[in-house]
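Proteins come first, then strands; the chains are lettered A, B, ... in the order of their sequence lines, and each starts at number 1.
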2 protein chains.
Amino acid sequence: MSDKIFVSAEEVARKAGVSRSAVSRAFTAGASIAPETRRKVMEAAEALGYHVNHLARGLMRNESGIVCLVVSDMGTPYRSALIKALTQQLQNAGKIAMIVNTDRSDERVDMALRQAIRYRADASIVLSGMPDKSLVDLCVRNGQRLVLINRDDEHQGPLRINLDDDDTAQSVVTAFLRAGCRRLAFANSEAGTPSLMTREVGFVAAAREQGLDVTVERFGPTGYESGKVLAQRLMTRRERPDAVFCVTDLVALGFMDAARHQFSLSIPEDLCVVGFDDIPQAAWSSYDLTTFAQPIEEIAAAAVAWLMSEDVGQSQSLRLNAPFVWRRSVRSA
Amino acid sequence: MSDKIFVSAEEVARKAGVSRSAVSRAFTAGASIAPETRRKVMEAAEALGYHVNHLARGLMRNESGIVCLVVSDMGTPYRSALIKALTQQLQNAGKIAMIVNTDRSDERVDMALRQAIRYRADASIVLSGMPDKSLVDLCVRNGQRLVLINRDDEHQGPLRINLDDDDTAQSVVTAFLRAGCRRLAFANSEAGTPSLMTREVGFVAAAREQGLDVTVERFGPTGYESGKVLAQRLMTRRERPDAVFCVTDLVALGFMDAARHQFSLSIPEDLCVVGFDDIPQAAWSSYDLTTFAQPIEEIAAAAVAWLMSEDVGQSQSLRLNAPFVWRRSVRSA
DNA sequence: CCCACTATTGCACGGCCTTGCAAACTTCTT
DNA sequence: AAGAAGTTTGCAAGGCCGTGCAATAGTGGG
């Protein structure tokens, strides 16, 4: 494809009048080399436009510096924010992110991990979907680190980062009760991923503890449009809900828009809404959505810290807190 | 770091009872190898969990398969949508995307290109910022392909993809005039990138042609919050504008929210608004923003097609159309 | 049965870099 | 001034794979 050959260490060595190993050492932190020699090398390198070939370096060191991000729906606010945080922090740690888009088709996640192995990625971070157990084993066996974010499952070996859902449901129910709501609903998508289902189940259970039933509706993928459809379904029920917990902010925003513009409801007067994620749009003044904030930076920090740490340790599970963010989509007491 | 060594072609060869070259050939499309041999190799490879080492392959072939995406603000809807499209199409073309986040600090773009060179990326696609001319030359000299998206500048060598702004300004002015608006405004950020400035200049010129002056205001970074501030500034002017063209959808949405909630204005009755990009949120029913649609898929397709094409060709410039999307934020005639 | 040809295979080299090891230099002691 | 101790440096091996080239096996024809 490319005819021009990249300039090699050999050429730099010749130009600087040193051996090829000297060039290598000049670019290796902590190598034994005289300051003067390094200067000469750097000068020649700069003049020639030389850059260490990380492919070859990775080959030798058995450490490519590449970290593979496996993700779908990356156009979504939450996902893109997470990718942003991860790439940023990986770079600060001297790594570089490689992205594998797994939109449509689930076995794509496996393909993604294979890609990671092929490029000898130092680690893979899975934000979407769930890899097959055998693939996970393969990664681990190859000494690849693996981080699973919000994919609560019981795999061994990798680091799992999940949100602490213990108080989530409780907080929402309490908030709704204080607001005087009695007809609760849960708006879910049909994705059925563990983290989403946990929210539903937890909410229903917490409500029941207070002696309240929850109307659960599920529809489509997890997004704005589904929120609208869910509103249409829930708001036309005989017993119209006066409070709804949406599985995701995006769903909540669609729900609010439909409730307001199609059913002329006022929020929070006629209907209280709570979402989850705290995407930037939740704070927009048209919505002012009460929600739970995904601790994006902490998630990224934890992932990066773990994969940079020396001791691999055994299968770890980390639970982070998603603080409740009070805004105006729920009536206050 | 990782102790476990990845399984090598050597081991597969032993297990399959063939030579190492046979293994290599088994994984090389179009190589001369007997079907039966290939089968044996594949079987052994599967059993051992072997995957070709793309680092080494890239070393030999002088073609890594990596394409570097240089981008900032990737949490933004437009950017993330573009990244999504690019990663998707790159994968379809058998490439893989590597992401360099250039948030904060402009010389980061140069660092990014250096990273690309180090990993011997087959190409780099710059979505944000503008690399230094010398770096561009370096890439070209190294046979790296370079695509600049919406960074209209006069560099030689790379492919430049820009939007065709010729009718943009004209369309907006016409739309505003038909809606009966006479006091036009342009809400810009202080980013001052060429593509944004082109919109401003074009709009002012087109309005003047119709004998109308445009009140231009600039503030902050290109985002939602700036839109709110811009509204505060423009809506408190003695001659309150009755139509505003916002440099970006995100700015437009912030503008709308401030106009409605802080100034109790109705859109489009009291104020007509037009944005640019057609991000998903523009279609949300709270906004229903008239805007121009970035041809994201086409941009990605053009970029990928060019960097896969055989003949490098000289410096090319491509202009794509951003169709006008009529929604309800502008009064209709 | 031998020859001409084609389909496969193995050898060995090359691509680019890192690093252990031993040689070459310095610098400092005593 | 010679030896000890510490720095630097070059050599060469090694990591993993692709591929030209020559050798081998296999096929069909005469």
Side-chain angles (χ1 to χ4, degrees), chain A residues 1-41 44-45 48-66 117-122 142-143, chain B residues 1-41 44-45 48-66 117-122 142-143:
Chain A
M1 199 146 215
S2 43
D3 307 316
K4 308 276 189 178
I5 299 293
F6 287 80
V7 23
S8 75
E10 183 79 46
E11 305 175 50
V12 178
R14 251 202 311 277
K15 170 138 189 161
V18 298
S19 78
R20 233 199 41 258
S21 357
V23 177
S24 187
R25 281 190 255 263
F27 284 94
T28 303
S32 162
I33 186 173
E36 170 63 12
T37 311
R38 168 168 271 147
R39 198 190 52 70
K40 277 194 301 189
V41 171
L48 264 49
Y50 170 77
H51 288 87
V52 176
N53 184 336
H54 273 47
L55 266 41
R57 170 177 279 187
L59 202 53
M60 266 259 52
R61 292 216 187 138
N62 211 34
E63 184 184 343
S64 62
I66 297 174
I117 294 180
R118 283 198 270 271
Y119 279 98
R120 297 302 187 260
D122 296 337
N142 280 331
Chain B
M1 198 145 216
S2 44
D3 308 315
K4 310 274 188 181
I5 298 292
F6 287 79
V7 22
S8 75
E10 181 79 46
E11 305 175 49
V12 178
R14 253 203 307 278
K15 170 142 190 157
V18 298
S19 77
R20 229 206 52 252
S21 356
V23 177
S24 187
R25 282 191 254 263
F27 284 94
T28 303
S32 161
I33 185 172
E36 170 62 11
T37 311
R38 168 168 271 147
R39 199 189 51 71
K40 279 194 300 187
V41 170
L48 265 48
Y50 169 77
H51 287 87
V52 176
N53 185 335
H54 272 47
L55 267 39
R57 171 178 280 189
L59 203 52
M60 265 258 53
R61 292 220 187 133
N62 212 32
E63 183 183 346
S64 63
I66 296 173
I117 294 180
R118 284 198 268 272
Y119 279 98
R120 298 301 187 259
D122 296 337
N142 280 332

Counting only side-chain heavy atoms from C-beta out, which of [options] sits nearest to [X]?
{"X": "A:T28", "options": "C:dC21, D:dG18, C:dT18", "answer": "C:dT18"}
{"X": "B:S32", "options": "D:dC17, C:dT9, C:dT18", "answer": "C:dT9"}
{"X": "B:V52", "options": "D:dG10, C:dC16, D:dG18", "answer": "D:dG18"}
{"X": "B:A56", "options": "D:dG10, D:dT9, D:dC16", "answer": "D:dC16"}
{"X": "B:R25", "options": "C:dC16, D:dT8, C:dC11", "answer": "C:dC11"}
{"X": "A:S8", "options": "D:dG18, C:dC16, C:dT18", "answer": "C:dC16"}
{"X": "B:S24", "options": "C:dT18, D:dG18, C:dT9", "answer": "D:dG18"}

Considering every strand and a 4.0 Å limit on heavy-atom distances, what is the contact class for B:L59: base, sugar-phosphate, or nothing?
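Result for B:L59 = base.
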
Does any non-hydrogen side-chain atom of B:T28 lie less than 4.5 Å from one of B:R61?
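They are in side-chain contact.
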
Give a yes/no answer on whether the side chain of [X] brings an N or O atom under 4.0 Å of OP1 or OP2 in [N].
{"X": "A:Y50", "N": "C:dC17", "result": "yes"}
{"X": "A:R57", "N": "C:dC17", "result": "no"}
{"X": "B:T37", "N": "C:dT9", "result": "yes"}

Checking only heavy atoms, does the side chain of A:R20 share a donor-acceptor pair with the base of C:dT18 at less than 3.5 Å?
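Checked by distance alone, the answer is yes.
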
Along DNA chain C (nearest heavy atom to each residue), the more 5'-positioned of B:R120 and B:R38
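Result: B:R38.
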
